[in-house]
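Below, chains carry the letters A, B, ... as their sequence lines are ordered, and counting in each starts from 1.
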Number of protein chains: 2
Amino acid sequence: MADVNRGSNPLFLRDEDLREGIELLFFAYRDFTARPDAILADYGFGRAHHRVIYFVGRHPGITVKELLAILKITKQSLARVLRQLVTKGFIEQRQGEQDRRQRLLYLTPKGEELETKLTENQRARIARAYREAGADAVAGYRSVLAGMVDDEDRERLNRPRPAS
Amino acid sequence: MADVNRGSNPLFLRDEDLREGIELLFFAYRDFTARPDAILADYGFGRAHHRVIYFVGRHPGITVKELLAILKITKQSLARVLRQLVTKGFIEQRQGEQDRRQRLLYLTPKGEELETKLTENQRARIARAYREAGADAVAGYRSVLAGMVDDEDRERLNRPRPAS
DNA sequence: TCATATATGTCAACATGGCTGACGTAAATC
DNA sequence: GATTTACGTCAGCCATGTTGACATATATGA
């Protein structure tokens, strides 16, 4: 009944605590995407382009199907963005060897350059937050966020290549 | 030069570690917003409406200016969403007493009902992740994410009412 | 071999939610 | 009394999501 000391018993979850957790996610995401968005605008691109460039860079040779599963958008939405990236020479497509229906996606050197430029600020931001918070906090960050991800993608995290 | 054991020395930040941190944020945010988005669609609303409802519920009597500072969008973008919410009876505006130029924003009972419905799933998701990860992990989650937020908003977190 | 399923692409139309620019009003402040 | 501030509004643009329909090439299984 009495007020609860947050530090000693944080698993008695007050509405305040949960709201703080929600807001942290909102503010962090908002500030995390601001700088890349500004850079993308110079290229006539948007956040969707960054996501594609990021995940293609992360998983070279990824298929369109796999990319769709990660982004959870429709193939039409992806196609529009992908077409622009291919046309402008940031991504190249190669036919799959085992399955020739597949278009395997790779960053071109130009694409890698942009990827680095875009993600640079995010990496620095994460690195700074990690360093300031310390090793134990990093482990906590990872386990809480992993717990918020739907089961189907939890396994995808921290594996260099999704099952193909 | 040799490979680094992540557990014992996580502050030697490999590119892999940073990318994992980035992806955790992306996946968590993606899955965190999916359910509310689906509910909003039934009302003809979008994610922007949720954000407004959320922060008005969080800070009853918030001014338009304060809300703009939180959302970091233009007043035109906010106005569009706000007008719909007021017209449809989810939010009501009262003239400020000290400063009569202000329009103080409040949720109507109908607005509160929707807020609960929308945020319910997010609260449950956070609560589950918190419980599974444990108290120490929660503290880590909080401190890392707080470190990623721009300075100007860091102080806003965990205060029921922004300075007005 | 033939039917079916899969991977991918494409066209068209629509909605949400950002943005810029311009302009207007009422109230506070210097 | 001039200026600043809080707020609103109209108009138009763009990025990015959606649904629905249809096409093609390839893989796979009966």
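The nucleotide whose nearest atom lies closest to any side-chain atom of B:Lys75 is, among D:dT18, D:dG8, D:dG12, D:dG8. Among C:dA27, D:dG17, C:dC19, the nucleotide with an atom closest to any side-chain atom of B:Ile73 is C:dC19. The listed nucleotides are D:dT26, C:dT8, C:dA28; the one nearest the side chain of A:Gln102 is C:dT8. Taking every side-chain heavy atom of A:Lys65 into account, C:dT8 is the closest of C:dT8, D:dT26, D:dA6.
Between the CG atom of B:Leu67 and the P atom of C:dG18 there is a distance of 11 Å, given to the nearest Å. Distance, B:Asp37 CG to D:dG17 C1': 10 Å, rounded to whole Å. Rounded to whole Å, the distance from CZ on A:Arg103 to P on D:dA27 is 12 Å. In this structure, A:Ile91 atom CD1 and C:dG9 atom P are separated by 11 Å, rounded to whole Å. Following rounding to the nearest Å, A:Arg80 (CZ) and D:dA15 (P) show an atom-to-atom distance of 10 Å. Per the geometry, CD belonging to B:Gln95 stands 9 Å off C1' belonging to C:dA26, to the nearest Å. Rounded to an integer number of Å, the gap from CD of B:Gln84 to P of C:dT16 is 7 Å. Rounded to whole Å, the distance from CG on A:Leu71 to P on D:dG17 is 8 Å.
For A:Arg101, no side-chain nitrogen or oxygen approaches OP1 or OP2 of D:dT24 to under 4.0 Å. Considering only side-chain N and O atoms, A:Ser77 lies nowhere under 4.0 angstrom from the phosphate OP1 or OP2 of D:dT16. Note on A:Arg51: a side-chain N or O is less than 4.0 Å away from OP1 or OP2 of D:dG17. Phosphate contact (OP1/OP2 of C:dA28, side-chain N/O of B:Gln98, threshold under 4.0 Å): absent. Between B:His49 and the phosphate of C:dG17, there is a side-chain N or O to OP1/OP2 separation shorter than 4.0 Å.
Counting distance only, with no hydrogens placed and no angle test, the side-chain atoms of B:Arg47 and the base atoms of D:dG17 include no donor-acceptor pair under 3.5 Å. Applying the 3.5 Å distance criterion, the base of D:dG20 shares a donor-acceptor pair with the side chain of A:Gln76.
Taking the six-membered ring wherever Trp is involved, the centroid distance between the rings of B:Tyr29 and A:Tyr29 falls below 6.0 Å. A centroid separation of less than 6.0 Å is found between the aromatic rings of A:Phe26 and B:Phe55.
At a threshold of 4.0 angstrom between heavy atoms, the contacts of B:Gly96 with the nucleic acid are absent. Here B:Gln93 lies in heavy-atom contact (under 4.0 Å) with sugar-phosphate atoms only.
For the side-chain contact (heavy atoms from CB on, under 4.5 Å) criterion with A:Asp31, the lone passing option out of B:Glu152, B:Met148, B:Lys72 is B:Lys72.
Salt bridge B:Arg30/B:Glu23: absent, no basic N to carboxylate O contact under 4.0 Å. Ion pairing between A:Glu132 and A:Arg125 fails under the 4.0 Å rule for side-chain N and carboxylate O.
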For this session: For A:Thr116 and A:Glu120, run side-chain hydrogen bond (donor to acceptor under 3.5 Å, both in side chains): C-alpha distance rounded to whole Å, both residues' side-chain angles, the deciding distance at 0.1 Å, then the answer.
Result: CA-CA 6 Å; A:Thr116 302; A:Glu120 206 164 51; over 6 Å; no
